[in-house]
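Counting begins at 1 with the first residue of the sequence. Atoms within a ligand are numbered from 1 in the order they appear, just like the ligands themselves.
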Amino acid sequence: MKAIVVTEQAAGTAGMRLVKRPEPQAAINDVIVQVHASGFVPTELEWPSTWTDRLDRNRTPSIPGHELAGVVTALGYGTTGLSVGQRVFGLADWYRDGTLAEYVAMEARNLAPLPGDVDFTVGASLPISGLTAWQGLFQHGRLQAGQSVLVHGAAGAVGSMVTQLAREFGAYVIGTGRAADRQAALDFGANEFVDLGNDALEDVGGVDLVFDGIGGDIGKRSAGLIRAGGRLVSIVGPAEAPPAHGLAIDFVVESDPAQLNEIVRRVRDGRLRTNIGNVSTLDEAVATLNPKQRRKGKTIIRIRP
Ligand SMILES: NC(=O)c1ccc[n+]([C@@H]2O[C@H](COP(=O)([O-])OP(=O)(O)OC[C@H]3O[C@@H](n4cnc5c(N)ncnc54)[C@H](OP(=O)(O)O)[C@@H]3O)[C@@H](O)[C@H]2O)c1
């Protein structure tokens, strides 16, 4: 099969190569999925799991990509819940070969059915950004209707999902980002926008929840904005400065088929709009994943055109 591999962390996305690899075999409780579309988060090349297995042994050359939509072609020993020929989407294991390939072996429990009227490109754009937004707002952030949420990077892949889900839930959303992203953030439903390059973040006043997808100095300054009992939820590592009156939580997104069902239901009925940027074929993937211009939205590689 054709697959994108990486061998050297220092090379970043420029070190990606399109190669031929043997097709994967299904282990216990696995399925083999013929990948139709794959998502990719550029920072995944910084994660140790891209380079090693769970025992910290080098597993390169490894296949990156953890989001997919495709069709089940085989079941492993003892696998239940899915059948051959079924359309699926989901989040592949961090420590195994991923989805920038024609086939992937992954645990069936990490997949949800993809309804027939949802395009594979859309399906592949949802798992990481949708689940991260859902888990950050509702599980870790314990968002309540009527609360205020400060969403850093509100026009990004995760931030745009956070903004829409929080608004649907009845929150007041203040999005942040670069000046050029103001209109996009407002279009995704932000009530207000803070241009981090020109506006004073501190003018926001107090909020109940900060959803931080940027970190660094922005994360540090946000801690002071948390109201008593509020939460600073970070998806970019532990908060450097915990809030004085609230709780700081950082987490890594987990697979959850029930939440995937909720997310795709909202896409189908128009409550949730996915944020897709460039779409390219597997043959052009290396160039697309090394863009010459600023990337906007999620890059999707359409493995089967
Ligand atoms: N913990 C988890 O489970 C988890 C899950 C998903 C993602 N993540 C992480 O979350 C982060 C966001 O992911 P994503 O896929 O949403 O990325 P993305 O699509 O690039 O969105 C990030 C947004 O924030 C903006 N931004 C970044 N730094 C900024 C700054 N200093 N000032 C103003 N705007 C800034 C970006 O603009 P520019 O493009 O112009 O920089 C972009 O619009 C990444 O670091 C990713 O690794 C973590």
Side-chain angles (χ1 to χ4, degrees), residues 12-13 38-50 64-67 90-95 98 110 124-141 150-166 174-188 190 193-201 204 210-222 232-240 248-256 259-260 263 273-278 289-300:
T13 50
S38 167
F40 175 74
V41 176
T43 46
E44 71 179 65
L45 299 190
E46 293 162 22
W47 308 338
S49 53
T50 298
H66 295 282
E67 299 171 281
L91 181 62
D93 192 316
W94 306 123
Y95 286 93
N110 293 336
S125 73
L126 299 173
I128 290 187
S129 43
L131 289 173
T132 305
W134 190 281
Q135 290 165 18
L137 285 173
F138 305 127
Q139 284 176 225
H140 306 294
L150 180 65
V151 183
H152 289 316
V158 177
S160 55
M161 291 280 169
V162 175
T163 299
Q164 294 175 86
L165 289 171
I174 305 160
T176 80
R178 303 192 195 277
D181 288 329
R182 175 185 297 276
Q183 197 52 51
L186 296 174
D187 290 346
F188 280 115
F193 183 80
V194 176
D195 165 2
L196 291 172
N198 294 299
D199 303 334
L201 184 58
V204 162
V210 173
F211 196 117
D212 187 11
I214 295 181
D217 185 52
I218 301 296
K220 226 186 276 180
R221 285 161 57 200
S222 302
L232 170 58
V233 173
S234 168
I235 59 168
V236 288
E240 288 179 41
I249 297 153
D250 68 286
F251 76 101
V252 173
V253 61
E254 289 180 292
S255 184
D256 190 313
Q259 292 172 359
L260 286 173
I263 290 160
R273 186 158 58 85
T274 185
N275 185 0
I276 295 173
N278 292 329
L289 295 169
N290 285 280
K292 293 197 168 59
Q293 285 163 346
R294 184 186 171 223
R295 204 174 29 83
K296 269 191 174 178
K298 243 189 131 60
T299 301
I300 300 296

Determine yes or no for a side-chain-to-main-chain donor-acceptor pair under 3.5 angstrom, with N275 supplying the side chain and A155 the backbone.
-> yes
With sequence neighbours left out, what residues match Q135 under side chain to side chain donor-acceptor pair (under 3.5 Å)?
-> Q259
Run the numbers on I214 and V236 for side-chain contact (heavy atoms from CB on, under 4.5 Å), then give the verdict.
-> CA-CA 7 Å; I214 295 181; V236 288; 5.9 Å; no
Going by atom types only, do N290 and T13 share a side-chain donor-acceptor pair under 3.5 Å?
-> yes
Shell of residues surrounding ligand 1, defined by a 4.0 angstrom heavy-atom cut-off that is strict | V41, T43, I128, T132, G153, G156, A157, V158, G177, R178, D181, L196, G213, I214, I235, V236, F251, V252, V253, R294, R295
Criterion side chain to side chain contact (heavy atoms under 4.5 Å, CB included) against F211, the qualifying member of I235, L232, L150 | I235
Search all heavy atoms of E67 against all heavy atoms of A124 and return the closest pair with its distance.
-> CB-O, 3.4 Å
